[in-house]
Each structure stands twice: as structure tokens, then as C-alpha cells.
There are 2 protein chains.
Amino acid sequence: MSESNLKIPNLTMTMKRTSSTVQINNQETLFNPINSKRAFEAVSTEIKKLIFKGTLKPGDRLPSEIELARQFGVGRQTIREALRLLELSGFIKTQKGVMGGPIIVDTILNTLSNSLLDAIQMKKITIYELTVARVEIEKVVLSYVIKNAEDSDIKILEENIHKAKKKIEDGIQAFDENIQFHKLLAKASRNHVFTIMVEPIMAVVADFLSRFEQNLEHSKKVILAHEDILKAITEKRGEKAISLLEDHLLEVRNRLQVFIDQSRD
Amino acid sequence: MSESNLKIPNLTMTMKRTSSTVQINNQETLFNPINSKRAFEAVSTEIKKLIFKGTLKPGDRLPSEIELARQFGVGRQTIREALRLLELSGFIKTQKGVMGGPIIVDTILNTLSNSLLDAIQMKKITIYELTVARVEIEKVVLSYVIKNAEDSDIKILEENIHKAKKKIEDGIQAFDENIQFHKLLAKASRNHVFTIMVEPIMAVVADFLSRFEQNLEHSKKVILAHEDILKAITEKRGEKAISLLEDHLLEVRNRLQVFIDQSRD
DNA sequence: TCACATTTGTCCGTATGTATC
DNA sequence: AGATACATACGGACAAATGTG
């Protein structure tokens with residue numbers, strides 16, 4: 001399949017001080033400006049650059065560790081540590097075996113969700129904060145859905161509801177579909193920033209909601225709320241849609257209240 | 001200072017299948033349930049557990065790599081790869097030298113912002129999308145600033161403006177301070193989720209703005225806008241503040257119009 | 001200032017397991 | 001089934017940084 005006699009461009013250790021991509025460290029970040037970049041960081045950054053530039057795309061195979069070590073002019077351990085960074089950041093996965101090696105993927109949003117969970121476990125973020133932010137962001141998202149959504153988006157949302165209803169008819173809960181609905185809404189806003197922000201939040205919300213014993217009645221209720229919202233969207237009744245969404249989200253928030261109370265302070 | 005004759009509890013390779021932390025894989029994650037956990041992942045998970053449990057707290061020093069390798073019954077390379085995961089996740093930093101070693105820190109929120117930045121760069125988000133999202137998110141943020149900001153937050157914002165003004169008087173642009181103002185606003189919302197979201201957005205905005213030749217006149221204008229906004233905040237005039245912010249951001253957006261036109265489609 | 005010990009950073013060689021052909 | 005190519009992992013070695021006496 002994917003050709004992989006890739007030559008990492010002429011970076012054979014051109015990396016002395018890769019003028020790092022956009023930095024966040026403007027100020028007071030108690031971090032690394034002192035620590036001259038380590039080799040594995042430089043390698044990781046170089047590969048990331050190639051991915052950002054589009055030279056490397058999901059599905060592409062990187063050369064094997066040994067070959068990477070040769071091309072970058074570093075040892076294998078360095079390459080391995082660089083790959084660990086890329087893997088944890090959601091840029092690559094590794095496959096063992098003969099046609100294996102590092103493969104470019106795009107699972108950054110998963111990565112984000114996991115980090116969010118870590119942050120919650122470390123109590124740096126409370127579920128209260130998260131749900132508050134969720135409501136606000138989704139309200140904004142919805143206003144852009146009404147502005148920007150195309151027929152295809154509406155169709156996808158309708159399919160989501162349809163699938164959910166079918167499950168209910170079969171006596172199965174539609175948990176995943178109901179979470180998915182909100183992610184699809186974000187996509188329908190046609191703004192990737194919103195998509196990126198909503199995805200990990202919904203993953204965490206799903207994680208917490210899944211700890212309740214769900215029941216069919218509730219699933220059904222959620223679907224009906226989604227249906228109403230979608231209807232208001234198609235009718236371009238913006239304010240109606242937003243108020244429906246708000247009601248819906250506040251109800252979900254109440255169901256999470258147990259967790260919220262636990263984490264509020 | 002920090003004692004570090006820590007003995008990692010009796011985990012001398014008890015890790016066969018550490019029942020992985022909270023999972024997110026609800027759906028379509030094409031991921032790892034098959035792949036039996038690798039040694040460095042197991043080590044990483046064990047150490048993370050100790051951090052979550054509170055056994056290890058920020059400031060604590062972990063044993064040296066060699067000692068960790070001994071205690072876990074694995075090689076040093078495995079320990080190093082585990083440390084890379086923990087480092088990138090914001091749980092530890094490493095210091096060289098005699099009193100060095102892995103040290104527990106808590107920079108998870110930074111990690112989150114960095115991941116968001118990766119996602120933004122990966123999705124090839126247009127400046128148009130970015131500025132649209134920025135305006136909306138900052139408006140929400142500001143409404144929470146007015147609700148939640150404490151005197152200390154206001155003070156910090158005032159200091160920011162003061163510092164910026166001083167720079168202008170000295171004939172120096174106050175670029176960083178003017179970017180910082182928006183990050184500080186996010187912090188003053190007292191919702192960490194907003195803080196995390198605004199950070200990468202401002203990083204990208206700063207990156208684009210820095211490509212213009214800035215001038216003192218403009219810097220000054222920006223500071224005055226910030227000052228007006230802050231004044232409206234302290235006077236609890238919410239709507240006024242928001243409309244001022246909106247004007248300000250739209251003006252910035254106009255300055256970016258060149259790029260926006262280029263990237264709009 | 002100058003050794004000295006400690007610890008990360010890095011390289012190399014080797015062995016093993018595993019997936020593919 | 002056997003050969004191949006790859007990740008995974010171990011151990012030894014040395015350089016570089018850093019704090020101590």
C-alpha cells in the first residue's frame with residue numbers, strides 16, 4: 001500500500017535550534033527557555049513540521065527506527081523517544097512486524113480528550129467548569145449552525161436522530177448517537193475551531209454520563225429534545241433553537257449534578 | 001528540600017495488564033484494545049496512579065532512572081520512554097545534575113493548550129475561522145469575567161495595561177503585553193476551560209499579527225481599547241464591556257483582513 | 001577555583017517477539 | 001513453515017550538566 005521509502009528531507013541533523021513553531025511561552029510559564037532542546041525533541045519537532053506542512057499525511061509510513069536514526073544522524077534511543085512524543089500527541093502510531101513501522105495518523109482529538117480527563121482527575125478542572133463552558137460554547141456553535149449549516153449537514157443530523165430512534169425501537173439505548181449529535185452540531189457550524197473544542201468536551205461528558213445507569217426513557221427524551229432543536233434549525237428559528245438547546249443542556253447538567261457537587265470545591 | 005529516597009511501592013513488575021485508566025473509546029477510535037500494553041506504558045501508568053492517589057505530589061523527586069529501572073525490574077530505556085510520556089502529559093519535568101532527576105510538577109493545563117495548538121495547526125484552520133471563533137469565545141469569556149472576576153484579577157489586568165503604557169512611553173511596542181491582556185482576561189473568567197481555550201487561540205493570533213510591521217501608534221490604540229474595556233468591567237457594565245470588546249476585536253480582524261481574504265477559501 | 005559524585009542525554013550492540021510475505 | 005523486517009527491550013559505555021565540598 002503506502003509507499004514508504006520516504007527520505008526525511010535534508011535534515012540530517014540540521015537541527016540545532018529549530019526555531020520552534022508558534023510558542024505559547026510569552027510570559028510566566030515557568031518552563032523551558034533555558035533548557036536547550038534535547039535531540040529527541042528536535043527530531044519530534046522536525047517530523048511534526050513535515051506533518052503540518054503536508055509533506056507527511058495520515059496513512060504515510062515513516063522509515064523504520066534504524067533508518068530514521070541514520071537519516072537524522074542520531075541513535076536509536078533518541079528516535080524512540082521522539083516517536084513516543086509523537087505517538088502521545090496523536091501524530092503517529094507504531095506497528096510491529098515486517099510491513100510495520102511508524103505510521104502517520106490523526107488522533108489528536110483523542111489525545112486532547114485524554115488530557116482533559118487527566119486534568120479533571122488532577123482537579124485542575126472541575127466538572128462544574130466544564131459543563132458551564134460546554135453550555136456557552138454549544139450556544140455559540142448553534143448560532144453558527146443556523147448561519148452556516150448546509151443541507152448535507154442537516155441530513156447527517158437527521159440520520160443521527162433516525163439511527164437513535166431505531167435503536168430505541170429495538171429496545172437499545174442510543175447513548176453514543178446522542179453524544180454524537182453534539183459533535184455533529186459542532187461540525188455543522190462549519191468552523192473547525194468549534195469542532196476541536198467541542199470534541200474533547202463531549203468525550204469527557206460522555207465518560208461521566210456513562211457512569212449512570214441509563215434507561216430507555218431517558219434516551220428517548222434526549223432524542224426528542226434533539227429532534228426539536230434540529231427542527232428549529234431547519235426552520236431557521238435561531239432563538240428558539242438556542243433556548244431549546246439551553247433547556248436540554250441544563251437538564252443534562254442536572255443529571256451530572258452529583259459529580260458537580262463532588263467537584264465543585 | 002524534597003526528600004527522594006522514594007520507593008515506588010511493590011510494583012516490581014506487577015504490571016502485566018494494568019487495567020488502563022478511564023477510557024474514552026466510545027466509538028470509532030480504531031485503537032488499542034488488542035495491543036497488549038508495552039512495558040513503558042505500564043510504568044507510566046503506575047507512576048501516574050501514584051500521582052492521582054496523592055502519594056506523589058508536585059515538588060517530589062522520583063528516584064533516578066537507574067534506580068527506577070531497578071525497582072520496576074526493567075531497563076533504563078523503558079524508564080526513559082515512560083518518563084517521556086509523563087513529561088509530555090505535564091506530570092513531571094527532568095533535571096540534569098547531581099540533585100536532578102524526574103520531579104513531579106503539575107503543568108497539565110499547559111499540556112492541554114499545547115495539544116489544542118497542535119490540533120489547530122493540524123486542521124489547517126483558516127484565519128477567518130480562527131478570528132470568528134475568537135470573537136465569540138472572548139465575548140463569552142468577558143461575560144464570565146464580569147460575573148466572577150475578583151479584585152486580584154482586576155489588579156493584574158491593570159498592571160498589564162500599566163506595563164504596556166510604560167513600554168510605549170519608552171518608545172517600545174507592547175506587543176506581548178497586548179496579547180497577554182486577552183489571556184489574563186480568560187484567567188479572570190475563573191473558568192479554567194476558557195483559559196485553556198484562549199491560550200492557543202492567542203498564540204496563533206499573535207503569530208499572525210507578528211508578521212505585520214507593528215507601529216507605536218497602533219500599539220497605543222490597542223492599549224486604550226483595553227483600558228476602556230477594563231474600565232467597563234470594573235464598573236460592572238457588562239454590555240458596554242462586551243460591545244467595546246467586540247469593536248476592538250473586529251478592528252483587529254480588519255487588520256488581519258489581508259490574510260483572511262487569502263485563506264477564506 | 002577545582003575536583004568529584006550524581007544524574008540525564010546519547011550512542012551502540014545485542015537479543016527477543018511479532019507480524020508479514 | 002521459514003525467512004524477513006520491524007518494534008521492543010536490555011546492558012554497557014561515555015559525554016554533558018549540575019550541585020557539593
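Here is the naming used below: chain letters follow the sequence lines, and residue numbers restart at 1 for every chain. These numbers come from a predicted model, not from an experiment.
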Remember a base hit wins even if backbone is also touched, and classify Glu65(B) as base, sugar-phosphate or nothing at under 4.0 Å, heavy atoms. sugar-phosphate
Give the nucleotide from the list dC21(C), dT20(D), dT7(C) with an atom nearest to the side chain of Ser64(B). dT7(C)
Give Gly97(A) one of three labels, base, sugar-phosphate or nothing, depending on what nucleic acid heavy atoms sit under 4.0 Å from its own. base
Does dT8(D) have its OP1 or OP2 closer than 4.0 Å to a side-chain nitrogen or oxygen of Thr78(B)? no
Heavy-atom nearest nucleotide on DNA chain D taken for Glu81(B) and for Gly100(B); more 5' hit belongs to Glu81(B)
Under 4.0 Å between a side-chain nitrogen and a carboxylate oxygen: does that hold for Glu158(B) and Lys155(B)? no
Which residue lies more 5' along DNA chain D, comparing Pro102(A) with Gln77(A) via nearest heavy atoms: Pro102(A)
Testing dT10(C), dA5(D), dA7(D) for proximity to the side chain of Lys96(A), the answer is dA7(D)
When we call it a touch if two heavy atoms are under 4.0 Å apart, what does Gln95(B) touch: a base, just sugar-phosphate, or nothing? sugar-phosphate
Salt bridge or not for Arg84(A) and Glu81(A), using N-O below 4.0 Å? no
Angle between terminal axes - the helix from dC2(C)-dG21(D) to dC21(C)-dG2(D), 5 pairs each end, rounded to 10°: 10°
Flag yes if more than 12 heavy atoms outside Asp151(B) fall under 6.0 Å of its CG atom; otherwise flag no. no
Without swapping roles, check the side chain of Lys124(B) against the backbone of Phe52(A) for a donor-acceptor pair under 3.5 Å. yes
Any Lys/Arg nitrogen of Glu169(B) or Lys166(B) sitting under 4.0 Å from an Asp/Glu carboxylate oxygen of the other? no
Side chain of Arg80(A) (C-beta onward), nearest among dC6(D), dT10(C), dT8(D): dT8(D)
Do any side-chain nitrogens or oxygens of Arg84(A) fall under 4.0 Å of OP1 or OP2 in dT8(D)? yes
Establish whether the base of dG9(C) is bridged to the side chain of Arg76(B) by a donor-acceptor pair shorter than 3.5 Å. yes
Interatomic distance, CG@Leu56(B) vs CG@Leu50(B), rounded to 0.5 Å, equals 5.0 Å
Ion pair present between Lys123(B) and Asp106(A), side-chain N to carboxylate O less than 4.0 angstrom? yes
Side-chain N or O of Thr94(B) less than 4.0 angstrom from OP1 or OP2 on dG9(C)? yes
Which nucleotide in the list dT7(C), dT8(D), dT10(C) gets nearest to the side chain of Arg38(B)? dT8(D)
